[in-house]
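Single-structure report; data block below.
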Amino acid sequence: SLTNRFIGSVGVHASKLEQTAEFTTKKIIELGYVLSKSYWGRGLMVEACKAVIKYLFEVEGYEVLSCGHFVKNSQSRRVIEKLGFRYHSDDIYFAKQLNQSFAERLYILTSDTQLDD
């Protein structure tokens with residue numbers, strides 16, 4: 001049943017990989033998402049992200065998407081894998097609001113390797 005509650009979001013922001021030599025000539029953006037734990041395991045985020053990915057490649061003309069997860073977050077890793085992203089590198093994410101650093105794993109998806117529906 002519908003509860004009119006906010007359960008998550010999908011968005012984009014500048015990719016930290018855009019400053020690397022590998023991507024300076026590519027149109028790149030980072031995909032991010034969050035979903036309430038009580039809705040995990042239902043395929044909701046994969047479905048939502050697929051729609052956003054399609055839009056970013058086909059309408060906005062991005063060539064590369066990056067996406068990351070904290071190393072300990074295996075649920076987020078599974079979403080990224082199901083979307084067809086491939087591992088790129090490890091990094092450190094600094095959460096200013098928490099004044100804390102987290103080990104992060106980064107992935108990429110290119111417009112010519114995206115999954116078909």
Self-check item: Same apolar cluster (I L V M F W Y, side chains within < 4.5 Å links), Val71/Val79
Solution: no
Quiz item: Rounded to the nearest 0.5 Å, how far apart are CG of Leu35 and CZ of Arg42?
Solution: 8.5 Å
Self-check item: Any donor-acceptor N or O pair under 3.5 Å, side chains Arg77, Tyr87
Solution: no
Self-check item: Electrostatic pair Arg78-Glu81, nearest N-O below 4.0 angstrom
Solution: yes
Practice problem: Verify whether the ring centers belonging to Phe23 and His88 lie closer than 6.0 Å. | Solution: yes
Quiz item: When clusters are formed by joining ILVMFWY residues with side-chain heavy atoms under 4.5 Å apart, either directly or through shared neighbours, do Tyr39 and Val10 land in the same one?
Solution: yes
Quiz item: Are Val59 and Val52 co-members of a hydrophobic cluster defined by side-chain heavy atoms under 4.5 Å apart?
Solution: yes
Quiz item: Are more than 12 heavy atoms from other residues, nucleotides or ligands located less than 6.0 Å from atom CD of Glu60?
Solution: yes
Exercise. Start with the C-alpha gap between Leu109 and Phe57, add the side-chain angles, then the distance that decides, and say whether side chain to side chain contact (heavy atoms under 4.5 Å, CB included) holds.
Key: CA-CA 10 Å; Leu109 182 67; Phe57 284 142; 3.9 Å; yes
Self-check item: side chain to side chain contact (heavy atoms under 4.5 Å, CB included) evaluation trace for Ile108 with Arg86
Solution: CA-CA 5 Å; Ile108 61 168; Arg86 71 177 198 275; 3.4 Å; yes
Quiz item: Roughly how far apart are Ile29 CD1 and Tyr62 OH, rounded to 0.5 Å?
Solution: 3.5 Å
Exercise. Please state whether the rings of Phe102 and Phe70 are parallel, tilted or perpendicular, taking 30° and 60° as the class boundaries.
Key: parallel
Self-check item: Evaluation steps, side chain to side chain contact (heavy atoms under 4.5 Å, CB included), between Leu106 and Tyr93
Solution: CA-CA 10 Å; Leu106 301 174; Tyr93 174 82; over 6 Å; no
Quiz item: Atom CG in Leu65, atom NZ in Lys26: separation rounded to 0.5 Å?
Solution: 13.0 Å
Exercise. Report whether Val34 and Leu56 are members of the same hydrophobic cluster (ILVMFWY, side-chain heavy atoms less than 4.5 Å apart, transitive linking).
Key: no
Practice problem: Output the distance between atom CD1 (Ile80) and atom CG (Leu31), rounded to the nearest 0.5 Å. | Solution: 8.5 Å
Quiz item: Just by modelled atom types, is the Ser76 backbone N or O under 3.5 Å from a matching donor or acceptor in the Tyr33 side chain?
Solution: yes
Quiz item: Okay, side chain of Glu30, backbone of Ser66: is any donor-acceptor separation there less than 3.5 Å?
Solution: no
Quiz item: So, do Lys50 and Leu83 sit near enough that their side-chain heavy atoms are less than 4.5 Å apart?
Solution: yes
Quiz prompt | Transitive ILVMFWY side-chain link Tyr107 to Val64, under 4.5 Å | solution = no
Quiz item: side chain to side chain donor-acceptor pair (under 3.5 Å) with Ser36: which residues, sequence neighbours excluded?
Solution: Ser38
Self-check item: Gap separating the SG atom of Cys49 from the NZ atom of Lys54, nearest 0.5 angstrom
Solution: 15.0 Å
Self-check item: salt bridge (Lys or Arg N to Asp or Glu O under 4.0 Å) partners of Glu104, counting only residues at least two apart
Solution: Lys16
Quiz item: So how far is it from Ser89 OG to Leu17 CG, rounded to the nearest 0.5 Å?
Solution: 5.5 Å
